[in-house]
Amino acid sequence: YSQCLPSTGASPTSSTLVTSSTAISKSTSLSGTSTSTSTGAATCTPLPSSITLQADSKLNDLFTMFNGNKVTTKDQWLCRQAEMSTLLQQYELGTLPGPPATLTASLSGSTLTINCGDSGKSMSFTAAITYPSSGTAPYPAIIAFDGGSLPAPASVAMINFNCDDMAAQVSTSSRGQGKFYDLYGSGASAGAMTAWAWGVSRVIDALEITSSAKIDTTRIGVTGCSRNGKGAMVAGAFDNRIVLTLPQESGAGGSACWRISDYLKSQGANIQTAGEIIGEDPWFSSNFNNYVNQVPILPFDHHSLAALIAPRGLFVIDNNIDWLGPQSCFGCMTTARMAYQALGVTNNMGYSQIGAHAHCSFPSNQQSQLNAFVQQFLLGQSANTNIFQSDFTFSQSQWIDWTVPTLT
Ligand code: MCU
């Protein structure tokens, strides 16, 4: 992996940002949950410094704080999101660092170079922008993991994010390799998805200070398919500047819930589970290995991850492939949508599971649905995003033993 390159200063445009005051302020330690992505209105009770996990075979109550307090207001929801973010990092995804101490960016042609420095270390990475042939600058943009697998929408720029370059997903032996780890050390707890999410946030930091890139940073989406779809969901969850998250065929570790997938496996399904997935690639923190055979004690599931995105736009695109657990995905995302319902913005989240096509080949019968989300969240047009469909059913009474409040 290439060492970091100092900014040459020779680029046509070059900007500097001291990032300690940028928008990202998700808590990264168990004691730090008073920090949320909120406007500052919420004052949150921190998680206890020592946590005792208790088994819950149902999907965790989105609206009860870890300490048992009920969430009844939108401010308290911000605290609950911060708490769930901390717990997801602690037990599954690894710690998301804040912005690096220094970040500079330059644009050469349509390639953005981002230089990051922290604690005496530095690294540099690039993101290639493909501009649309229609629309007007500054353009909305979709950051696409390894280019993504969606047709580029009209009037929207596509920004390529190289996943392996930031955090390798070559096999479990590639853990700790990539530019994220050049900066934070190969022993960093962050799994590859957290590292990619951090990198996406740095692309947005860079776009914010590089006006010559002609990207409207208030209209940023993120996408990826399959393994990169899992990553897209994590990136959307961790940066509230992302206004539209488009995970595609993400399966286990993405739109599927660990608990439902374990159950379906016990019923004979050929479905990926937590116990299986950690043997494949370093997508999660190595700490997750301690929990994959006792999923019910996890204080979250992937409905919690998706709920970190609420109320921002989220359109979950799925296929019908057993290994990806489409029934688990539908149940999990039906539950996640309850966060949107509680916030009074149910239609900010959509779900579409349509099969009979190859993995990661976007079918034409999902196109108008994707268009609706792009219009609503990236193009500033209103569209009908009341889209929630699957070939499967979900037994709410089997998985949910809590109710959905109307948050005030
Ligand atoms: C759906 O994402 C993964 C899946 O988790 C893996 O088990 C499988 O090997 O690869 C999928 C993928 O990324 O396909 C491109």
Side-chain angles (χ1 to χ4, degrees), residues 88 92-94 144-150 160-175 177-178 191-197 200 222-237 245-262 264-265 269-286 288-289 291-293 295 301-303 305-306 314-333 336 351-363 366 390-392:
L88 278 154
E92 183 183 316
L93 298 169
F145 283 143
D146 292 341
S149 301
L150 295 175
N160 183 60
F161 183 95
N162 184 328
C163 290
D164 277 332
D165 184 55
M166 187 59 68
Q169 52 172 345
V170 179
S171 70
T172 51
S173 62
S174 69
R175 179 178 293 282
Q177 296 176 9
M193 296 199 291
T194 297
W196 303 336
V200 165
V222 66
T223 190
C225 190
S226 204
R227 56 197 60 204
N228 298 340
K230 314 178 201 303
M233 185 176 282
V234 172
T245 301
L246 299 166
Q248 185 182 3
E249 301 190 38
S250 56
S255 63
C257 274
W258 303 121
R259 285 170 177 79
I260 306 178
S261 297
D262 274 356
L264 293 171
K265 168 123 183 157
N270 173 33
I271 183 173
Q272 187 165 39
T273 61
E276 197 281 343
I277 201 170
I278 56 155
E280 200 171 327
D281 268 299
W283 292 313
F284 311 92
S285 173
S286 54
F288 187 46
N289 297 3
Y291 300 96
V292 294
N293 294 318
V295 159
D301 212 312
H302 270 231
H303 64 309
L305 179 68
L314 170 62
F315 181 47
V316 179
I317 300 159
D318 274 332
N319 199 336
N320 187 351
I321 295 173
D322 292 349
W323 184 245
L324 276 54
Q327 185 166 14
S328 175
C329 298
F330 176 60
C332 195
M333 294 300 101
Y351 183 83
S352 175
Q353 181 267 309
I354 295 181
H357 59 87
H359 185 43
C360 295
S361 101
F362 185 72
Q366 278 173 325
S390 165
D391 297 335
F392 294 90

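Bear in mind the structure is a predicted one, so any value in this text is a computation, not a measurement. Remember, it's 1-based here, ligands and their atoms both numbered in the order they're listed.
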Report task. Would you check if the side chain of N160 reaches a backbone N or O of G147 as a donor-acceptor pair within less than 3.5 Å? Result ->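 Such a contact is found between N160 side chain and G147 backbone.
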**Report entry** Main-chain N/O of S171 paired with S174 side-chain donor or acceptor, under 3.5 Å
**Finding:**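 At least one qualifying donor-acceptor pair exists.
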Report summary line: Scanning both residues in full, the closest heavy-atom pair of C332 with H303 reads SG-N, 3.3 Å
**Report entry** Close-range residues for ligand 1, whose non-hydrogen atoms fall below the 4.0 Å threshold
**Finding:**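 S226, R227, K230, E249, S250, Q272, E280, W323, L324, H359.
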Report task. List in chain and number order the residues that pass side chain to side chain contact (heavy atoms under 4.5 Å, CB included) with D262, two or more places apart in sequence or in another chain; answer none if no residue qualifies. Result ->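 Expected list: T273, V295.
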Requested in this report: Determine whether the side chains of W258 and E92 contain a donor N or O and an acceptor N or O closer than 3.5 Å.
Outcome: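 Yes, side-chain donor-acceptor contact under 3.5 Å.
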Requested in this report: Taking the side chain as every heavy atom from C-beta outward, state whether D164 and V170 have any pair of such atoms under 4.5 Å apart.
Outcome: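 The answer is yes; the side chains approach within 4.5 Å.
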